[in-house]
Structure formats: C-alpha cells, structure tokens
Amino acid sequence: MLGDFMTRATLAGMGVALAAAPLGSFVVWRRMAYFGDATAHAAMLGVALSLAFGMSIFAGALVVAFTMALTVNALTGRGYAMDTLLGVMAHSALAFGLVAVSFLSGVRIDLMAYLFGDILAVSRLDLAVIWGGAAVVAGLIAWRWSALLTATLNADLAYASGIDPRREQLVLTVALAVTVAVAIKVVGVLLIAAMLIIPAAAARPLARSPEAMAVIAGAIGAGSAIVGLRAAFVLDTPAGPTIVCCAALAFAGTSLWRRAPLG
C-alpha cells in the first residue's frame with residue numbers, strides 16, 4: 001500500500017493537517033499568525049545548517065524553529081512591538097537561510113521543494129516522522145488543553161487558577177516548532193503558516209465550542225489535502241500550493257455561509 005506515492009502523499013498531508021488543526025486553533029485565538037509565519041521562515045536556516053553538517057533535515061529545522069520561537073518570546077516586551085520584532089526575525093532568518101544554502105558546495109538541493117513542499121516525494125521514513133510529530137503535537141495539546149484555553153482567555157484568570165501563562169506559551173512554542181519541522185516536506189517553508197491558520201479560520205464559523213473548532217479544523221485540513229492532491233494530479237499543478245488553495249476555498253465557503261441569512 002505504501003509503495004504508491006499518491007498513498008504516501010495523502011497520508012502525509014493528513015498527518016500534517018491533524019497536527020496543525022488544534023495548534024492552528026490556538027494560533028487564531030491568540031492572534032499569533034505572524035508568530036507562526038516567523039517560526040516557519042526560520043526553518044529554512046535549519047535546512048541549510050542540516051545540509052552543511054550532514055544532519056537530519058527534521059532535526060535541523062526543529063532546533064532552529066524552536067530557537068527562533070524562544071528568542072521571540074524572550075525579546076517580547078523589551079522595547080519592540082511584537083509585529084516589528086517578528087518581521088525582522090522572520091525575514092532575516094529566511095534570508096540568512098537562503099544565503100547559507102548558496103554557499104553549500106557539492107550538495108544538490110531543490111530549493112523550490114523546501115520553499116513550497118514536495119509532498120509527492122514523501123518516503124516511508126518521512127511518513128513515520130510526520131505521523132510521529134503529529135502524535136507529539138496532539139499529545140501536548142490534549143495534555144494541556146484546559147490550561148491552554150484558560151491562559152488564552154485571560155492571563156489573570158490563569159494566574160488565579162494556578163496556571164502560568166508563560167509555561168503554556170512554551171507548550172505552544174514546542175508544538176509549533178514540531179509542526180513546522182514535520183510540515184516542511186509537505187507544504188514547504190512559505191506555506192506552513194497557511195495550513196496552520198486557514199483550516200482553523202474556516203472552522204470558526206461552524207464551531208460551537210473550542211473542541212469542535214479543533215475537530216472541524218482537522219477535518220477541513222485533511223479534506224483539503226485529499227482534494228488538493230487529486231486536483232493537482234488532474235490539473236498538473238504544484239501539490240503544496242494546490243492544497244492551500246483548497247483550504248482557502250473552504251474558508252471562503254464557510255465565510256459566505258456565516259453571512260448568509262437564515263431561512
């Protein structure tokens with residue numbers, strides 16, 4: 001079964017969608033979209049360092065994405081506006097990563113595959129990494145779900161309940177770094193944030209509870225992966241961007257549904 005590249009690609013897309021769905025819900029609730037984008041951009045530097053030192057791409061991207069997220073957390077509130085800080089860090093990390101890649105001699109690299117994903121080239125090992133990462137992210141979010149929700153709603157309420165919002169932010173940071181690392185192969189550095197944000201935003205008008213929003217976001221993300229792969233095959237378009245386009249159409253559909261008059 002796993003010998004079929006389309007089967008592997010479908011399973012990979014579903015794995016990334018299921019990892020990104022609950023995390024993406026918190027990204028939307030906390031208005032952390034730019035934070036996710038900055039962490040994803042930093043992963044390109046991780047790819048370059050991995051190739052330079054002969055490391056695993058997943059390990060390099062995970063370390064750099066995590067370091068980037070921690071750095072932003074540490075610098076927040078020290079005289080810089082969050083959007084300014086994220087803009088500087090995101091574009092600087094991406095630029096340094098691309099420059100570092102240009103210095104690699106004797107290493108053949110398909111830059112477009114890392115920028116926009118190469119889901120059709122996913123191997124069995126990649127599948128194991130993707131689903132393992134998805135399990136870690138799902139486990140982290142499930143373990144801290146109540147505390148994360150409380151910290152998201154109100155920091156003072158969290159402190160009153162014995163919850164440290166900074167610790168919950170760290171949990172989200174770890175989950176975000178893992179998601180970015182496992183999603184590089186599927187949708188690439190430039191589209192990871194889209195798979196985090198768009199399915200969650202599309203699920204919001206349909207959900208009546210936070211749990212329902214995470215579940216619906218997972219369904220929309222997985223559905224976008226399946227439909228997007230089929231559309232890419234039929235239309236001969238890039239798979240990663242086509243998956244994101246399908247998610248965007250789902251967002252447009254749920255937005256119109258919310259605005260439609262009842263009865």
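Under the 4.5 Å side-chain heavy-atom criterion for grouping Ile, Leu, Val, Met, Phe, Trp and Tyr, L170 is connected to L140 within one hydrophobic cluster. The hydrophobic clustering, which links ILVMFWY residues whose side-chain heavy atoms are closer than 4.5 Å, places W145 and L157 apart. Neither F251 nor V227 shares a network with the other; the hydrophobic side chains, linked directly or stepwise wherever heavy atoms of I, L, V, M, F, W or Y lie under 4.5 Å apart, form separate groups for each. Residues L120 and I184 share a hydrophobic cluster, clusters being chains of Ile/Leu/Val/Met/Phe/Trp/Tyr side chains in contact below 4.5 Å. Under a hydrophobic clustering in which Ile, Leu, Val, Met, Phe, Trp and Tyr are joined whenever their side-chain heavy atoms come within less than 4.5 Å, directly or via other members, I119 and L127 fall into the same cluster.
Looking only at side-chain heavy atoms (C-beta outward), Y159 and I163 stay at 4.5 Å or farther from each other. Annotation: side chain of S123 is in contact with side chain of D126 (closest heavy-atom distance under 4.5 Å). Looking only at side-chain heavy atoms (C-beta outward), I141 and F26 come within less than 4.5 Å of each other. Inter-residue side-chain proximity for I130 and R8 is flagged as unmet; no heavy-atom pair is nearer than 4.5 Å.
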For V182 and W131, what are the C-alpha separation, side-chain angles and deciding distance, and is it a side chain to side chain contact (heavy atoms under 4.5 Å, CB included)? CA-CA 8 Å; V182 301; W131 278 92; over 6 Å; no
Side chain to side chain contact (heavy atoms under 4.5 Å, CB included) for M213 and V28? Distances and angles first, verdict last. CA-CA 11 Å; M213 180 169 162; V28 169; 4.3 Å; yes
Would T242 and T237 satisfy side-chain hydrogen bond (donor to acceptor under 3.5 Å, both in side chains), going step by step from the backbone distance to the final call? CA-CA 7 Å; T242 305; T237 54; 2.8 Å; yes
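Smallest separation of non-hydrogen atoms from A217 and P199: O-CB, 3.6 Å. Contact record, P205 with R208: O-NH1, 3.6 Å, taken as the closest heavy-atom pair. In plain terms, the two heavy atoms of A214 and P22 that are nearest each other are CB-CA, 4.1 Å. Shown here for A200 and S25, the closest heavy-atom pair between the two residues is CB-N, 3.7 Å. Nearest approach of I198 to A247, heavy atoms of both residues: CG2-O, 3.2 Å. For the pair A232 and A239, the tightest heavy-atom approach, listed with the atom from each and the gap, is CB-CA, 3.8 Å.
The OG1 atom of T150 sits 13.0 Å away from atom CG of D156, with the distance rounded to the nearest 0.5 Å. One finds the OG atom of S50 at 10.0 Å from the CG atom of L62 (value rounded to the nearest 0.5 Å). Rounding to the nearest 0.5 angstrom, the gap separating the CG atom in L229 from the OG1 atom in T10 is 5.0 Å. Here the straight-line distance linking atom CD1 of I220 with atom SG of C246 works out to 12.5 Å at 0.5 Å rounding. Taken from CG in L23 to CE in M195, the straight-line distance is 12.5 Å, to the nearest 0.5 Å. Atoms CD1 and CE, from I226 and M14 in turn, are 4.5 Å apart once rounded to the nearest 0.5 Å.
For CZ of R167, the number of neighbouring non-hydrogen atoms (other residues, nucleotides, ligands) closer than 6.0 Å is greater than 12. Sparse packing is recorded around CZ of F233, with 12 or fewer heavy atoms of other residues, nucleotides or ligands lying under 6.0 Å away. With a 6.0 Å radius and a threshold of 12 heavy atoms from other residues, nucleotides or ligands, R30 has its CZ atom above the threshold.
Residue pairs that meet the salt bridge (charged side-chain N to carboxylate O under 4.0 Å, His left out) test with at least one member in residues 144-154, sequence neighbours left out, are R144-E168.
In this structure a side-chain-to-backbone donor-acceptor pair under 3.5 Å is missing from W29 to P210.
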